[in-house]
Amino acid sequence: MAGIFSSVRRIYLTVYNWTVFFGWLQVFYITVTTLQQSGHQSVYAAVEKPLILAQSAALLEILHSLVGIVRSPVTATLPQVASRLYVTWGILYSFPEIRTHFFVASLMISWSITEIIRYSFFGFKEAAGFAPSWLLWLRYSTFLILYPTGITSEVGLIYNALPYLKETGKYSIRMPNALNFSFDYYYSALLVLAFYVPGSPHLYGYMLGQRKKALSKPKSA
C-alpha cells in the first residue's frame with residue numbers, strides 16, 4: 001500500500017511541477033517579448049492570464065505541505081505563496097492604475113526565472129530521482145539576486161497602489177452594516193507591508209540555510 005501511495009505521489013508531483021514550469025516559461029517568454037516590442041507599460045496586459053493561472057496553482061503547494069506530500073514546512077510555504085497571491089490578485093488584478101508601472105516587468109522577470117528553475121528542479125527530482133548538478137546550483141544560488149529584486153518589486157507595487165486603495169475604498173467594509181463589522185483594505189495593505197519587514201529576512205535566512213545544506217551534499221550528475 002505504501003508503495004502504491006509513493007508511486008501515485010511521485011506521478012502527481014511530476015505532472016504538477018512540469019505543468020506549472022511550462023506556465024512560468026510562458027510568462028517569461030511573453031514578458032521578454034513584450035518588453036522588446038512594446039515596453040514595460042504593456043507587460044501586464046500581455047501576461048495577465050498565464051500569470052494568474054501559474055501563480056494561483058501555487059495554492060496547491062500549501063495543501064501539499066499541510067498533508068505531508070512534500071517536506072517543505074507550511075511556515076515557509078504559506079507566507080511566500082500568500083504574499084504572491086496577494087500581489088497578483090489583491091493588487092495587480094484589482095487596481096489597473098498600477099499595471100503600467102515598471103515594477104510589473106521586474107516582478108515578472110524575478111518571479112518567472114525563479115519558478116522556471118524551481119519547478120524544473122523538482123520536476124527532475126520527482127521524475128528521475130535526482131536533478132542535474134547545474135540545476136541544483138541554480139536552484140540554490142539565483143535567489144540571492146532574484147529574491148531581493150522580487151521582494152522590492154512586490155513592495156513597490158503595493159506602495160504605489162496605496163493611493164488607489166484609499167481613494168476607491170475597494171474591498172473595504174464601512175459601518176454601519178448588518179454585521180456590525182468594518183474593514184479597511186487600505187490599512188490592511190499597510191499591515192501587509194509591515195509584515196514584509198520581519199518576513200522577508202526570515203524567508204531569506206531560511207533559503208540561505210537550505211542553500212548551505214543542499215550545496216554541501218554530494219551532487220548527482
Side-chain angles (χ1 to χ4, degrees), residues 1-30 47 49-89 107-147 150-151 154 195 199-221:
M1 191 69 180
I4 295 175
F5 174 79
S6 179
S7 297
V8 171
R9 169 196 168 280
R10 190 168 182 174
I11 292 170
Y12 165 73
L13 288 176
T14 299
V15 172
Y16 170 79
N17 283 299
W18 285 112
T19 299
V20 185
F21 162 82
F22 284 111
W24 281 109
L25 190 63
Q26 185 180 13
V27 171
F28 178 74
Y29 174 78
I30 293 173
V47 84
K49 289 182 180 179
L51 166 67
I52 286 175
L53 287 172
Q55 194 61 271
S56 298
L59 277 169
L60 289 172
E61 294 181 32
I62 299 174
L63 180 62
H64 296 167
S65 293
L66 284 172
V67 302
I69 294 177
V70 297
R71 286 183 288 180
S72 300
V74 71
T75 52
T77 303
L78 180 59
Q80 189 168 6
V81 172
S83 66
R84 291 186 173 195
L85 287 172
Y86 174 75
V87 173
T88 300
W89 286 101
L107 183 65
M108 294 307 103
I109 291 173
S110 299
W111 277 2
S112 60
I113 294 176
T114 297
E115 301 297 47
I116 286 168
I117 293 169
R118 186 167 73 92
Y119 284 109
S120 61
F121 174 81
F122 288 117
F124 270 114
K125 288 198 74 173
E126 294 299 337
F130 70 92
S133 58
W134 58 269
L135 190 55
L136 176 73
W137 185 88
L138 287 174
R139 166 77 177 102
Y140 290 102
S141 298
T142 53
F143 82 88
L144 294 169
I145 296 173
L146 295 175
Y147 186 81
I151 288 293
E154 291 176 33
F195 276 125
S200 299
H202 168 74
L203 283 174
Y204 197 71
Y206 170 77
M207 292 159 72
L208 284 173
Q210 293 296 102
R211 180 179 191 269
K212 183 177 180 180
K213 288 192 292 185
L215 298 186
S216 65
K217 295 177 182 178
K219 300 177 180 66
S220 301

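Nothing fancy with the numbering, it's 1 onward along the sequence. What you are looking at is a predicted structure, and each value in this text was computed from that prediction instead of being measured.
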**Student:** If you define the side chain from C-beta out and look only at heavy atoms, does anything of Tyr147 sit under 4.5 Å from Leu203?
**Tutor:**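 In short, these two side chains touch, coming nearer than 4.5 Å.
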**Student:** Do Thr77 and His64 make a side-chain contact, defined as non-hydrogen atoms from C-beta onward lying under 4.5 Å apart?
**Tutor:**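 The answer is no, as the side chains (C-beta and beyond) never meet within the 4.5 Å cut-off.
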**Student:** Are the side chains of Leu59 and Leu63 in contact, using a 4.5 Å heavy-atom criterion?
**Tutor:**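 No, side chains not in contact.
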**Student:** Can you measure from CG (Leu136) to CZ (Arg211) and round to the nearest 0.5 angstrom?
**Tutor:**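 The CZ atom of Arg211 is 10.0 Å from CG of Leu136, to the nearest 0.5 Å.
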**Student:** Is it true that, when you exclude Phe195 itself, more than 12 heavy atoms of the residues, nucleotides or ligands shown sit nearer than 6.0 Å to its CZ?
**Tutor:**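 No - once you tally the heavy atoms of other residues, nucleotides and ligands closer than 6.0 Å, there are 12 at most.
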**Student:** Of all heavy-atom pairs between Leu107 and Gly150, which one has the smallest distance, and what is that distance?
**Tutor:**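 Heavy atoms only, the tightest pair is CD1-O, 3.6 Å.
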**Student:** Given side-chain contact (heavy atoms from CB on, under 4.5 Å), test Trp111 with Val27 step by step and report yes or no.
**Tutor:** CA-CA 9 Å; Trp111 277 2; Val27 171; over 6 Å; no
**Student:** In a table with atom names and distances, give each donor-acceptor pair under 3.5 Å that connects a side chain of residues 114-123 to protein atoms at least two apart or in another chain.
**Tutor:**
from, atom 1, to, atom 2, distance (Å)
Thr114, OG1, Ser110, O, 2.8
Glu115, OE1, Arg118, NE, 2.8
Glu115, OE1, Arg118, NH2, 3.3
Glu115, OE2, Arg84, NH1, 2.8
Glu115, OE2, Arg118, NH2, 3.2
Arg118, NH1, Glu61, OE1, 3.1
Arg118, NH2, Glu61, OE1, 3.3
Arg118, NH2, Glu61, OE2, 3.3
Tyr119, OH, Glu61, OE2, 2.2
Ser120, OG, Ile116, O, 2.8
Ser120, OG, Ile117, O, 3.0

**Student:** For the atom pair CZ (Phe143) and CD1 (Ile145), what is the distance rounded to the nearest 0.5 Å?
**Tutor:**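 Those atoms lie 11.0 Å apart.
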**Student:** If you round to the nearest 0.5 Å, how far is CE of Met108 from CD1 of Ile113?
**Tutor:**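 Output value for this atom pair is 12.0 Å.
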**Student:** Mark yes or no for whether Tyr16, through its side chain, and Ala57, through its backbone, hold a donor-acceptor pair below 3.5 Å.
**Tutor:**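 A pair under 3.5 Å: yes.
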**Student:** Minimum heavy-atom separation for Leu215 and Ser141, please, with both atom names.
**Tutor:**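 Taking Leu215 first and Ser141 second, the nearest heavy atoms are CD1-OG, 4.1 Å.
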**Student:** Provide the closest heavy-atom pair for Phe124 versus Ala131 in the form atom of the first, atom of the second, distance.
**Tutor:**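 Smallest interatomic distance, heavy atoms only, reads CB-CA, 4.1 Å.
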**Student:** Going from CG on Leu78 to CG on Leu85, what distance comes out if it is rounded to the nearest 0.5 angstrom?
**Tutor:**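 Separation between the atoms: 10.0 Å.
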**Student:** For Val15 versus Thr19, what's the shortest heavy-atom pair and its separation?
**Tutor:**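 The pair with the smallest heavy-atom distance is O-OG1, 2.6 Å.
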**Student:** Taking all non-hydrogen atoms of both residues into account, name the closest pair between Ala127 and Trp18 and its distance.
**Tutor:**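 Nearest pair, atom of Ala127 first, then Trp18: CB-NE1, 4.5 Å.
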**Student:** Would Leu25 and Tyr29 count as a side-chain contact (heavy atoms from CB on, under 4.5 Å) if you check the C-alpha gap in whole Å, the side-chain angles of each, and the deciding distance to 0.1 Å?
**Tutor:** CA-CA 6 Å; Leu25 190 63; Tyr29 174 78; 5.8 Å; no
**Student:** Do Lys125 and Asn17 make a side-chain contact, defined as non-hydrogen atoms from C-beta onward lying under 4.5 Å apart?
**Tutor:**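 Side-chain contact under 4.5 Å: no.
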**Student:** Locate the shortest heavy-atom distance separating Gly129 from Arg10; write the atom from each residue and the value.
**Tutor:**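 Heavy atoms only, the tightest pair is N-NH2, 3.2 Å.
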**Student:** Show which side-chain atoms of residues 49-56 pair as donor or acceptor with protein atoms under 3.5 Å away, not counting sequence neighbours.
**Tutor:**
from, atom 1, to, atom 2, distance (Å)
Ser56, OG, Ile52, O, 2.7
Ser56, OG, Trp89, NE1, 3.0

**Student:** Let me confirm one number: the CG-CD1 distance from Leu146 to Ile109, rounded to the nearest 0.5 Å.
**Tutor:**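 Leu146 atom CG to Ile109 atom CD1 measures 10.0 Å (nearest 0.5 Å).
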**Student:** What's the verdict on side-chain contact (heavy atoms from CB on, under 4.5 Å) for Leu144 and Tyr204, showing C-alpha distance, side-chain angles and the deciding distance?
**Tutor:** CA-CA 8 Å; Leu144 294 169; Tyr204 197 71; 3.5 Å; yes
